[in-house]
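Encoded as structure tokens, the structure appears first; notes follow it.
Basis for what follows: all heavy atoms, side chains included, without hydrogens, waters or symmetry-related copies. We count ligands from 1, going down the list as the structure has it; atoms in each ligand are counted the same way.
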Amino acid sequence: MLQSGDSVISIRDFDSEEIQQVLSVAARMEREDNRDLMRGKILATMFLEASTRTKLSFMSAMLRLGGEVLDFGDTEHSSFKKGESLSDAIRIVSGYCDVIAMRHPWEGAARLAAQIAGLPVINAGDGANQHPTQTFLDLYTIQKVRGRIDGLSVGFVGDLKYGRTVHSLATALSRFDCRQIFVSPPTLRIPAGLLRELEEAGVRYEVSEDLVSAISKLDILYCTRIQRERFADSLEYERTKGAYRLDLALLERGGARDELRIMHPLPRVGELSTDLDDTPYAVYFQQARNGVPVRQALLSLVLGKE
Ligand code: NCD
């Protein structure tokens, strides 16, 4: 179970019971008034890659629990500009706070930070690798809108190669009885290593390029942005960026079930039409809001306040 002093680095470190522990603390955070729970505690945010939702919802979570927040700033205006190493920066920041939420373009950066810091580090995204806190809020959203996680068919569409939210969520869903369908262009397929992991866990999955024919099978469709910043070749990005565009007409053509719910970690850049926003299918804005109680749960668990 997640406890005081622990770091949150990869969803691989969590079994289904540990996942349920976080989801039920999050539900309590949403229900109860905990405005003094974190009094005297300081969260440092170190976001060395672009972020809106993750950073702000971490800050909001801490502030709404009565804690305080220190922001490291961006790479342009910090000591990295002078050539400071990541490990030195982590050592310094850990002297000023009680917990660090960190996003970094290098895979494995959060694990390294946790070894150095001597206090809990929460991975807010490490390159194309993992985004565990997003996964907890994705699971929380699924449980809220569908009443359960077990027994669902979950489709993923978009950039399944570089999308860290996809990698973390697919691993987490393998802890439950879910069918998974991966729809992407051939160049952005889900990594073979992840599929092997799913096979070993006995997960039923399909890999496809055809979104329309997948639609009618789905309870949840998790749509993602093509991750422009991860492409070595900008021409390759230009070739794939318009591969899928989800809109109401496509859902109707595919025979979507009434109960289908569309999720997206956001930001969207053209793959998800605004014509879905006011339909019962759309849960992505609710999903973003769920970042606050879920991150409140994670912060309070690792700081021993639960
Ligand atoms: C995601 C990320 O950073 O991986 N955003 C988020 O945290 N909500 C998805 C993305 O950037 O496409």
Side-chain angles (χ1 to χ4, degrees), residues 8-12 22 26 43 45-61 71 74-75 100-110 121-142 154-173 182-185 188 190-191 194 220-231 237 240-246 261-273 277 282-296 298-299:
V8 178
I9 303 301
S10 167
I11 205 73
R12 285 202 181 83
V22 175
L43 162 71
T45 49
M46 282 185 88
F47 279 68
L48 309 174
E49 242 193 0
S51 176
T52 300
R53 275 150 290 272
T54 306
K55 181 170 170 177
L56 289 181
S57 64
F58 259 115
M59 291 173 142
S60 172
D71 183 38
D74 58 30
T75 45
I100 298 174
M102 189 177 96
R103 173 171 287 188
H104 197 284
W106 299 344
E107 300 189 8
V121 172
I122 305 182
N123 183 6
D126 60 330
N129 187 33
Q130 282 272 318
H131 193 347
T133 69
Q134 177 73 38
T135 298
F136 283 116
L137 77 89
D138 292 340
L139 295 168
Y140 186 73
T141 304
I142 294 173
V154 180
F156 293 88
V157 64
D159 186 344
L160 310 190
K161 179 179 180 185
Y162 296 116
R164 56 192 171 200
T165 64
V166 173
H167 302 158
S168 290
L169 183 55
T171 296
L173 291 175
F182 300 103
V183 182
S184 71
L188 296 177
I190 188 95
L194 183 50
I220 298 284
L221 176 55
Y222 194 92
C223 185
T224 63
R225 168 181 76 91
I226 310 284
Q227 308 278 299
R228 176 185 213 147
E229 66 277 29
R230 310 269 179 242
F231 282 68
Y237 171 73
T240 47
K241 73 174 182 195
Y244 299 97
R245 182 176 160 77
L246 189 62
R261 292 296 172 263
I262 311 283
M263 297 175 65
H264 193 307
L266 302 174
R268 60 178 158 189
V269 287
E271 67 284 347
L272 177 61
S273 168
D277 292 0
V283 297
Y284 29 90
F285 293 120
Q286 178 185 349
Q287 183 186 351
R289 274 197 305 279
N290 288 338
V292 175
V294 166
R295 293 185 169 111
Q296 285 180 325
L298 290 166
L299 288 166

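- One finds a salt bridge joining E49 and R230 here, because a Lys/Arg side-chain nitrogen approaches an Asp/Glu carboxylate oxygen to under 4.0 Å.
- Summary of contacts: the protein heavy atom closest to atom 3 (O) of ligand 1 is R164 NH2, 2.9 Å.
- Looking at atom 5 (N) of ligand 1, its nearest protein heavy atom turns out to be L266 O, 3.1 Å.
- Taking both residues in full, the closest heavy atoms of T141 and Q287 are given as OG1-CA, 3.6 Å, listed atom of the first, atom of the second, then distance.
- In this structure, D74 and L48 have side chains that are not in contact, with every pair of non-hydrogen atoms separated by 4.5 Å or more.
- Between atom 1 (C) of ligand 1 and the options V166, V269, T165, T52, the minimum heavy-atom separation is to T165.
- Nearest protein heavy-atom neighbour of atom 8 (N) of ligand 1: P265 O, 2.9 Å.
- Among all protein heavy atoms, the one lying closest to atom 11 (O) of ligand 1 is R225 NH2, 2.8 Å.
- Listed by atom number, the atoms of ligand 1 under 4.0 Å from Q134 heavy atoms are 6 (C), 7 (O), 8 (N).
- Every atom of ligand 1 is numbered from 1 in the order shown, and the set under 4.0 Å from a heavy atom of T54 is 6 (C), 7 (O).
- Residue contact check for ligand 1: R103 places a non-hydrogen atom closer than 4.0 Å to it.
- By the 4.0 Å heavy-atom criterion, T224 is excluded from the residues contacting ligand 1.
- Residues P265 and Y222 meet the side-chain proximity criterion, which asks for heavy atoms closer than 4.5 Å.
- Counting only distance, with no hydrogens or angles, the side chain of H167 and the backbone of A128 share a donor-acceptor pair below 3.5 Å.
- Using a 30° and 60° split on the angle between ring planes, Y162 and F231 fall in the tilted class, from 30° to 60°.
- Residue contact check: H131 has heavy atoms under 4.0 Å from atoms 2 (C), 4 (O), 6 (C), 7 (O) of ligand 1.
- Salt-bridge annotation for D159 and R228: absent, with no side-chain N of the basic residue lying under 4.0 Å from a carboxylate O of the acidic one.
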